Amino acid sequence: MYSFVLGAVFLAAVQVSASLIASPDPNSYRCPHGYQFYSGKCYKVVTVAKDHAAAQAHCESTGGTLASPNSQEEIDSIMDLVGQTTAVPDLLWLGYKDETYEGTFTDGSGKVLTHPTWSNGEPNNCCGGEHCLQLYRNSGLMNDLGCHREIGFVCSACSQDLSCRCPALWHEHDGDCYRFFGLPRSFEDGEANCQSYHNAHGQPAHLASVSCQAENDFITNFIAQSWPGQGLRRTWIGFNDIDHEGNFEWTDHLAEEYTNWKSGEPNDSNNNEDCTEINFEQPGIWNDLGCQTKQSSVCKMPVFDPYGACHKLADIITHLIGQCSAALPVQ
Ligand SMILES: [Ca+2]
Ligand SMILES: [Ca+2]
Ligand SMILES: [Ca+2]
Ligand SMILES: [Ca+2]
């Protein structure tokens with residue numbers, strides 16, 4: 001009986017919440033302004049010609065990023081929307097570039113293009129170098145093109161429902177969103193940069209915490225993938241003993257016990273090493289070093305989970321009115 005009541009409360013809470021989220025115009029609640037909801041994502045076809053960097057900046061300023069489709073299905077969605085838009089230029093930017101590692105196309109979140117639809121003979125890195133990925137309006141096929149060219153483009157954004165769990169350019173993995181920043185920063189600046197981002201609940205990012213070996217492996221691979229071909233990238237994570245020497249804590253207050261120190265570390269060398277890097281001499285291995293050192297950083301935030309709020313709502317209702325199924329609207 002009790003579990004039935006709990007189940008009813010939960011279902012009712014989900015329904016109440018769903019009806020709060022729902023709206024007659026799907027675009028108005030799911031997508032940033034100017035984007036169209038299509039096949040689980042938000043897209044915007046921009047017909048004003050810009051170079052690749054300006055196109056990416058435009059997408060980011062409107063709450064998205066250059067679209068980075070990685071399946072025929074996603075290409076088909078974009079082609080459908082292109083077909084519904086007037087005056088679309090023949091050439092359209094997508095988000096992928098291969099400027100860091102020739103021939104490997106990645107988007108701003110580190111996602112690698114694994115299902116390209118290359119036009120015949122492409123990518124040919126023609127004419128002294130072509131490092132940005134362009135879609136043909138008519139065929140849906142891809143070409144590498146010089147990034148300075150001014151052409152149309154396609155932005156995409158997460159929708160503000162279940163499919164929107166990480167902000168644009170953040171990579172979802174196992175309940176968290178991650179982003180790698182290659183710009184060298186001190187530990188403090190790296191943490192401040194992370195905290196300048198937040199999820200749709202308003203929860204800020206922090207330098208990544210690491211709860212277990214699987215997450216350590218993921219972060220190691222994620223860094224390598226974000227900078228393909230650049231060798232081992234020493235990168236800040238959030239572990240530090242700034243407040244109490246020898247007592248390491250995570251900036252996001254994770255309470256797990258997992259560590260992956262190199263043998264002999266942390267050694268607090270010169271009594272001046274209070275911050276932790278990953279990828280010290282070997283992939284995934286940790287070392288403490290001076291917090292002023294400037295290097296890459298990896299940030300992490302919890303995913304946006306609208307049904308998490310429903311779980312909390314169900315808990316609160318259950319707590320407040322006990323056996324409450326009769327008091328809730330039945331739909
Ligand atoms: Ca190239
Ligand atoms: Ca080409
Ligand atoms: Ca220390
Ligand atoms: Ca050390």
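Atoms within each ligand, like the ligands themselves, are counted from 1 in listed order. These numbers come from a predicted model, not from an experiment.
- For the Ca ion (ligand 4), the N/O/S atoms of Asn267 include one lying under 3.0 Å.
- Residue Asn124 counts as close to the Ca ion (ligand 2), with an N, O or S atom under 3.0 Å.
- For Asp268, the N, O or S atom closest to the Ca ion (ligand 3) goes by the atom name OD1.
- Hydrophobic clustering, with ILVMFWY side chains joined whenever heavy atoms are under 4.5 angstrom apart, groups Trp227 together with Val298.
- Looking only at distances, a side-chain donor or acceptor of Asn279 sits under 3.5 Å from a matching main-chain atom of Gly284.
- No other N/O/S atom of Glu122 lies as close to the Ca ion (ligand 2) as OE1 does.
- Annotation: angle subtended at the Ca ion (ligand 4) by Glu265 OE1 and Glu273 OE1 is 140°, to 10°.
- Nearest to the Ca ion (ligand 2), among the N, O or S atoms that Glu130 has, is OE1.
- Within Asp274, the N, O or S atom at minimum distance from the Ca ion (ligand 3) carries the name OD1.
- Residue side and main chain included, Asp288 places no N/O/S atom under 3.0 Å of the Ca ion (ligand 3).
- Hydrophobic clustering of Ile, Leu, Val, Met, Phe, Trp and Tyr side chains at less than 4.5 Å, counting indirect connections, unites Phe239 with Phe222.
- Among Tyr96, Tyr136, Phe105, the one residue that satisfies the ring-ring contact (aromatic ring centres under 6.0 Å, His included) test with Trp118 is Phe105.
- Within a 6.0 Å radius of CD in Glu102, other residues, nucleotides and ligands contribute more than 12 heavy atoms.
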